[in-house]
K.L.:
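Dropping the structure in here first, questions after.
Lettering follows sequence order; numbering is per chain, from 1.
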Amino acid sequence: MSATFQLDIEPIRPERLLPSLNNQTCGAVVTFDGRVRDHNDGRSVLRLDYTAHQKLAVAEGQRVVDEALEKFAVEHVVCVHRIGHLAIGDIAVWVGVSAAHRGAAFEASRYVIDEVKQRVPIWKNEFYSDGTEAWVDPTKTSR
Amino acid sequence: MSATFQLDIEPIRPERLLPSLNNQTCGAVVTFDGRVRDHNDGRSVLRLDYTAHQKLAVAEGQRVVDEALEKFAVEHVVCVHRIGHLAIGDIAVWVGVSAAHRGAAFEASRYVIDEVKQRVPIWKNEFYSDGTEAWVDPTKTSR
Amino acid sequence: MKVRVEYFAQFGQLSGCDNELVETDASTVSALYHQLRRRHGLPEPGPAIRAAVNDEFADWERPLCVGDVIAFLPPVSGG
Amino acid sequence: MKVRVEYFAQFGQLSGCDNELVETDASTVSALYHQLRRRHGLPEPGPAIRAAVNDEFADWERPLCVGDVIAFLPPVSGG
C-alpha cells in the first residue's frame, strides 16, 4: 500500500506515473486528469499559471491521499499537481488509484480530486485572449 | 463527440487510446482499466482466456458507449475489451471518457464498465495454479 | 425444421461443441432450449442466461424459422 | 511585535507584495488580518479564506508570537 502526493513544475507524464500503481493483486485502476481548457466561466483562456504554498500544499495533499488509503479498500494512491506555466491541454492535476475491485478505485479517485480542489493551497491565474488576467476565485465565479 | 467500442486480440495500450480523448474544451479525463489478477474467488490464477460472441459483443458494447454519450455531458467515450489469451497483469478492459467537467467523466466511465460487465457477451475462462480451469459464472461465485 | 445452434463458454463445454445443426420441432427459442437442455445438461434458464437469433439478442418466446442461427449465452463474465 | 506576513495569489496582487515584515499589536491571527485588510483592501474573512502560521494551517484565534510567519490564503483554485 502506498499514498503519494507531489507538486511538479515539469509536465505531468501519466505513463511515468502508472507503473507505481501496478500490483498483481489489483484488478482495477482508475485515473483522473484535469486539463487546461481553452475557456472558463465563459471567457477564452490562452494559458495559465498555478502557484502554491508549497510546504502546506504538499502536507495537505499528502493528508488527502493518506485519507483515501484509509477510507477505501485501495492499494496505491498517487496525485501530482502541476505548478508554474501551463498551456491549453496540459495536465494540471493527475490522480491514479489501484484496488482489488473497481468500486473502491472509482470512489477513492473521486475523493482525492474533490478534496484536493477544496483543500490544497494551490491557485490558478488565468490569462485571457483579450490580454487580461485574473486569479480564479471559485467562491465568486458563476459556475 | 464520439463513442467507440472495440474487441481486440492484441494487448491493450492505453497510450495509444488516450489521444482519441483529447479535446481542448475538455477539462477532465477519467480512465478505468480492469487487469487480470493473480487470484479470484479465493483461487490462485495463472492466466485466463476471454471469448466473445463477437458480433453481438461489438453491437452491445457500442450500445453501451452510445448510451453513455447520451446520458452524461461527456465528449468522447472509448471502451476496448481484450479477447484471447491473457497473462496476469494484462489489461482486460479499458474505458476512457473525456468531458468538460469531472462529475460527468466519472459517472460515464463507471456506467460503461458496469454495463459492459452486465450485458456484453464476453466470457472468462480461468486457469488455476492447481492445473484446473473453469468458466467464471458471476451468478454463482461467492463474491 | 433444421436450425444451427451455437454454444458459448461453459455451454460449449457442456454440449461438447461450439455449434451444431439441430433437427427440431420446437416452435420457440425457449422450447428449443428446453429440448437441448435435457440433451446436453444445460442449466435451468434464469435471468442471466440469454439467447440470440441471427446475431441479435432475442426474446425467449421468439418463433423459430428454418435456417435460424440460435446462440445460447451463459451469464457473461467480461471486464 | 514583528511578524512576517505572506500573501498568496490575489492577496499578493492586492497587497503589492509576496511577503512583508509587519510591526503589529494584534494578539491573534484574526486581529492581524483585520489590520492588514484595511491597509491592503483584502476581502472580508469567509470560510474559504484560511490562515497558516509557520507553514501549518492555523485557527483564526491563534495567538501571535514574535517571529511567526503568517500566511493568508485566498480561496484555493487548484485542479
Side-chain angles (χ1 to χ4, degrees), chain B residues 5 7-8 12 32-37 40-41 45 48-61 63-64 79-84 86 91-95 109-126 132-141 143, chain C residues 3-22 24 28-30 32-34 36-65 67-79:
Chain B
F5 179 89
L7 295 177
D8 202 336
I12 294 174
F32 168 81
D33 63 62
R35 302 181 184 193
V36 180
R37 289 184 298 157
N40 188 21
D41 206 32
V45 174
L48 58 80
D49 288 353
Y50 278 106
T51 188
H53 185 309
Q54 293 201 26
K55 275 196 186 167
L56 211 45
V58 167
E60 188 73 353
R63 278 191 284 271
V64 168
C79 179
V80 182
H81 201 296
R82 182 97 178 270
I83 53 175
L86 280 75
I91 298 177
V93 59
W94 190 87
V95 178
S109 52
R110 184 73 196 260
Y111 178 82
V112 169
I113 184 61
D114 286 353
E115 294 295 311
V116 164
K117 284 177 78 90
Q118 286 280 328
R119 294 164 45 184
V120 176
I122 300 173
W123 299 274
K124 173 160 60 176
N125 193 18
E126 291 181 335
T132 63
E133 62 179 271
W135 290 98
V136 173
D137 183 344
T139 65
K140 288 184 184 160
T141 54
R143 270 189 305 115
Chain C
V3 294
R4 170 79 51 191
V5 180
E6 297 178 324
Y7 302 100
F8 285 84
Q10 53 267 52
F11 289 0
Q13 202 171 32
L14 289 166
S15 62
C17 63
D18 284 347
N19 70 86
E20 61 179 344
L21 207 56
V22 172
T24 182
T28 63
V29 172
S30 172
L32 176 64
Y33 185 81
H34 280 93
L36 295 167
R37 204 193 139 201
R38 281 189 294 273
R39 191 185 307 171
H40 294 311
L42 303 178
E44 260 190 84
I49 296 175
R50 299 170 80 184
V53 176
N54 304 331
D55 296 335
E56 306 258 4
F57 286 118
D59 196 274
W60 286 99
E61 296 317 312
R62 177 179 165 135
L64 292 182
C65 299
D68 274 349
V69 178
I70 296 96
F72 291 119
L73 313 170
V76 304
S77 54

K.L.:
Any side-chain heavy-atom pair from C:S15 and C:R39 closer than 4.5 angstrom?
P.N.:
no
K.L.:
When heavy-atom pairs shorter than 4.5 Å are enumerated against chain C, which of B:V93, B:L56, B:V120 gives the highest number?
P.N.:
B:L56
K.L.:
Which atom names give the shortest non-hydrogen contact between B:Y111 and B:V64, and what distance separates them?
P.N.:
CE2-O, 3.9 Å
K.L.:
Establish, for the pair C:R50 and C:F57, whether the NZ or CZ atom is under 6.0 angstrom from the six-membered ring centre and no further than 45 degrees off its axis.
P.N.:
yes
K.L.:
Side chain from CB out, backbone as N, CA, C, O: work out which of these in B:K117 comes under 4.5 Å of a heavy atom of chain C, or both, or neither.
P.N.:
both
K.L.:
With the side chain counted from C-beta on, respond yes when B:N125 and C:Q13 share a heavy-atom pair under 4.5 Å apart, and no when they do not.
P.N.:
no
K.L.:
Using a 3.5 Å distance criterion without hydrogens, assess whether the side chain of C:N19 forms a donor-acceptor pair with backbone atoms of C:V5.
P.N.:
no
K.L.:
When you measure from the side chain of C:D59 to the backbone of C:E61, do you find a donor-acceptor pair of N or O atoms at a distance under 3.5 Å?
P.N.:
yes
K.L.:
Between CZ of C:R4 and CG of C:N54, what distance do you get to the nearest 0.5 Å?
P.N.:
12.5 Å
K.L.:
Check each atom of C:A71 against the heavy atoms of chain B and say whether the ones under 4.5 Å are side chain, backbone, both or neither.
P.N.:
side chain
K.L.:
Is it the side chain or the backbone of B:H53 that comes within 4.5 Å of chain C heavy atoms, both, or neither?
P.N.:
both
K.L.:
Relative to the ring of C:Y7, is the ring of C:H40 parallel (under 30°), tilted (30 to 60°) or perpendicular (over 60°)?
P.N.:
perpendicular
K.L.:
Report, by ascending residue number, the residues of residues 72-79 of chain C in heavy-atom contact with chain B at a distance under 4.5 Å; give 'none' if the set is empty.
P.N.:
C:L73, C:P74, C:P75, C:V76, C:S77, C:G78, C:G79
K.L.:
In terms of heavy-atom contacts, does CG of C:D18 have more than 12 from other residues, nucleotides or ligands at under 6.0 Å?
P.N.:
no
K.L.:
Does any backbone or side-chain atom of B:A52 lie under 4.5 Å from a heavy atom of chain C? Answer side chain, backbone, both or neither.
P.N.:
backbone
K.L.:
At a heavy-atom separation under 4.5 Å, does B:Q118 approach chain C through its side chain, its backbone, both, or neither?
P.N.:
backbone
